[in-house]
Amino acid sequence: MLVAVAALLLVAACGANDNDPRDPLISRDRPVEEIYNEGVDAQQAANHARAVALFDEVERQHPYSSWATTAKLMAAYSEYQRGRYTEAIGAIDRFIRLHPAHRDLAYAYYLRAMSYYEQIADVERDQRLTAQAMAALQDVVNRFPESPYARDSRLKIDLARDHLAGKEMLIGRYYQQRRLYAAAINRFRRVVDEYDTTNHAPEALHRLVETYLALGLVDEAKKSAAVLGHNYPGSSWYQDSYALLSPGAQPADIDRPGMISRWWSSVF
């Protein structure tokens, strides 16, 4: 059905170019196929506001038709394309509640997850929506593991996890720079324990080495460096940690934001 078209467009979505949807011709009584197809045309022309109005009209004029059921989902997709994610989620939740056995249910859950995912903010802002996106994406994987949407959901879960780890690292470095070492250690340890598969784990271990040394906890620093060396032996972060603990060893010749290894090398 045409929902499949929306699914394909979702993966390679472009910015909307909505025109004013108000048109007295939209609300006139017409055959359901005519209204629906006009909504699809508007959607494919990136006139998503008009598409929503037309799909809503399908439901208003022909509420008990199969067209109306599909129109609900198409309207939700158009709201997503407009960047009206809250409206899209509300429409999808209604669709799921009313049609729990629909053939396009997997796509509905995926579209709902994407509506959260598109709202993920940069790491300097609140990350509640990132957690909601991860939960919604995991819901797709759990409910429809063999669907074409599960693979993309798994990939986006990994990206969201990396995003959350980046937030923890940002806060940890903030505490570290202000010598709030206990708070910094908590953040870095969380990355190591909960986000160990992300790209931030090697840096988190190195920051633990730095922070433990700042507190004079040399044995703890060595333990973190050992874990770093065992899991990421070729990492420049390990080279930096090794340089901190081995007089005469050289740190990696790479500049990184927030790096304080050079200072530690001069001390030790």
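Note that the structure is predicted; figures quoted are calculated from it, not measured.
When side chains are defined from C-beta on, Q132 does not count as touching L137, because their heavy atoms never get closer than 4.5 Å. Within the 4.5 Å cutoff, the side chain of H206 has no heavy atoms near those of the Y238 side chain. Between P145 and R154, the closest side-chain pair of non-hydrogen atoms falls below 4.5 Å. Residues T197 and D158 are not in side-chain contact: their nearest non-hydrogen atoms beyond the backbone lie 4.5 Å or more apart. Using a 4.5 Å cut-off on side-chain heavy atoms (C-beta onward), Q43 and Y77 make contact. At least one side-chain heavy atom of P202 sits less than 4.5 Å from a side-chain heavy atom of L228. Side-chain contact between E203 and M169: present, with at least one pair of heavy atoms (C-beta onward) separated by less than 4.5 Å. Residues V58 and L54 fail the side-chain proximity criterion, which asks for heavy atoms closer than 4.5 Å.
Looking at L244, I185, V218 one by one, the single match for side chain to side chain contact (heavy atoms under 4.5 Å, CB included) with Y212 turns out to be I185.
Relative to the ring axis of Y110, R112 does not place its NZ or CZ within 45° and under 6.0 Å from the centre.
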* Asked: Taking it one step at a time, do N186 and R189 satisfy side-chain contact (heavy atoms from CB on, under 4.5 Å)?
  -> CA-CA 5 Å; N186 287 338; R189 286 247 40 112; 5.8 Å; no
* Please lay out, stage by stage, how Y149 and Y107 fare under the test side-chain contact (heavy atoms from CB on, under 4.5 Å). => CA-CA 7 Å; Y149 309 111; Y107 172 70; 3.5 Å; yes
* Criterion salt bridge (charged side-chain N to carboxylate O under 4.0 Å, His left out) on E210 and R179, from CA distance to verdict -> CA-CA 11 Å; E210 290 182 328; R179 301 187 180 185; over 6 Å; no
* Would you sort out whether R161 and E194 count as a salt bridge (charged side-chain N to carboxylate O under 4.0 Å, His left out), showing the intermediate values? => CA-CA 9 Å; R161 281 175 53 80; E194 299 182 21; over 6 Å; no
* Step-by-step salt bridge (charged side-chain N to carboxylate O under 4.0 Å, His left out) determination, R173 to E168 -> CA-CA 9 Å; R173 286 192 296 263; E168 295 297 323; over 6 Å; no
* Asked: Taking it one step at a time, do T69 and H99 satisfy side-chain contact (heavy atoms from CB on, under 4.5 Å)?
  -> CA-CA 8 Å; T69 302; H99 310 287; 3.6 Å; yes
* To do: Give the C-alpha distance, both sets of side-chain angles, the deciding distance and a yes or no for side-chain contact (heavy atoms from CB on, under 4.5 Å) between Y175 and R187.
  => CA-CA 9 Å; Y175 287 141; R187 296 292 178 164; 4.1 Å; yes
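Although no hydrogens or angles enter the test, the distance criterion places a donor-acceptor pair under 3.5 Å between the side chain of H200 and the main chain of D162. At distances below 3.5 Å, not a single donor-acceptor pair connects side-chain atoms of S246 with backbone N or O atoms of A243. Formation of a donor-acceptor pair under 3.5 Å by the D139 side chain with backbone atoms of A135 is not found in this model. Of the possible donor and acceptor atoms, one in the side chain of R178 sits under 3.5 Å from a partner among the backbone N and O of Y174. Side chain of S224 to main chain of A221: no donor-acceptor pair is present (N/O by atom type, distance under 3.5 Å, no hydrogens or angles). For Q239 (side chain) and S235 (main-chain N/O), no donor-acceptor pair under 3.5 Å exists by modelled atom type. Distance alone, capped at 3.5 Å, is enough to place a donor-acceptor pair between the Q61 side chain and the R30 backbone.
Across every non-hydrogen atom of A184 and G172, the tightest pair is CB-O, 3.5 Å. The heavy-atom pair separating I96 from A108 by the smallest distance is CG1-CB, 4.2 Å. Scanning all heavy atoms of the two residues, the minimum distance from A113 to V140 falls at CB-CG2, 4.2 Å. Between A150 and V141, the shortest heavy-atom contact is O-CG2, 3.8 Å. Here the shortest heavy-atom pairing between A88 and A76 reads CB-O, 3.6 Å. Taking each heavy atom of S78 and V52 in turn, the nearest pair found is CB-CG2, 3.4 Å.
Ring centroids of F95 and H102 are separated by less than 6.0 Å, placing the two rings close together. Between F144 and Y109, the gap from one ring centroid to the other is short of 6.0 Å.
Residue V227 is grouped with residue L215 when hydrophobic side chains (ILVMFWY) are merged at heavy-atom distances under 4.5 angstrom, including chains of intermediate members. Under the 4.5 Å side-chain contact rule for hydrophobic residues, V191 and Y181 share a cluster.
The aromatic rings of Y36 and W67 sit perpendicular, their planes meeting at an angle over 60°, well past the 30° parallel limit.
By the ring pair (Phe, Tyr, Trp, His ring centres under 6.0 Å) test, F188 pairs with no residue at all, sequence neighbours left out.
With values rounded to the nearest 0.5 angstrom, I92 atom CD1 is found 11.0 Å from M114 atom CE. Of the inter-residue distances, the one linking M134 atom CE with S153 atom OG reads 12.0 Å to the nearest 0.5 angstrom. Note that CD1 of I35 is 6.0 Å distant from CD of E57, once rounded to the nearest 0.5 Å. A distance of 14.0 Å separates CD1 of I171 from CD of Q176, quoted to the nearest 0.5 Å. From L111, atom CG reaches atom CG of L73 across 6.5 Å, with rounding to the nearest 0.5 Å. For the atom pair OG1 (T198) and CG (L159), the distance works out to 11.5 Å, reported to the nearest 0.5 Å.
In summary, E38 and R50 engage in a salt bridge, as defined by a charged side-chain N under 4.0 Å from a carboxylate O. With respect to R94 and E79, no salt bridge is recorded, no charged nitrogen being found less than 4.0 Å from a carboxylate O. Salt-bridge check for R97 with D93: failed, with every basic side-chain N at 4.0 Å or more from each acidic carboxylate O.
Checked by atom type, the side-chain pair Y80/E118 shows a donor-acceptor distance below 3.5 Å.
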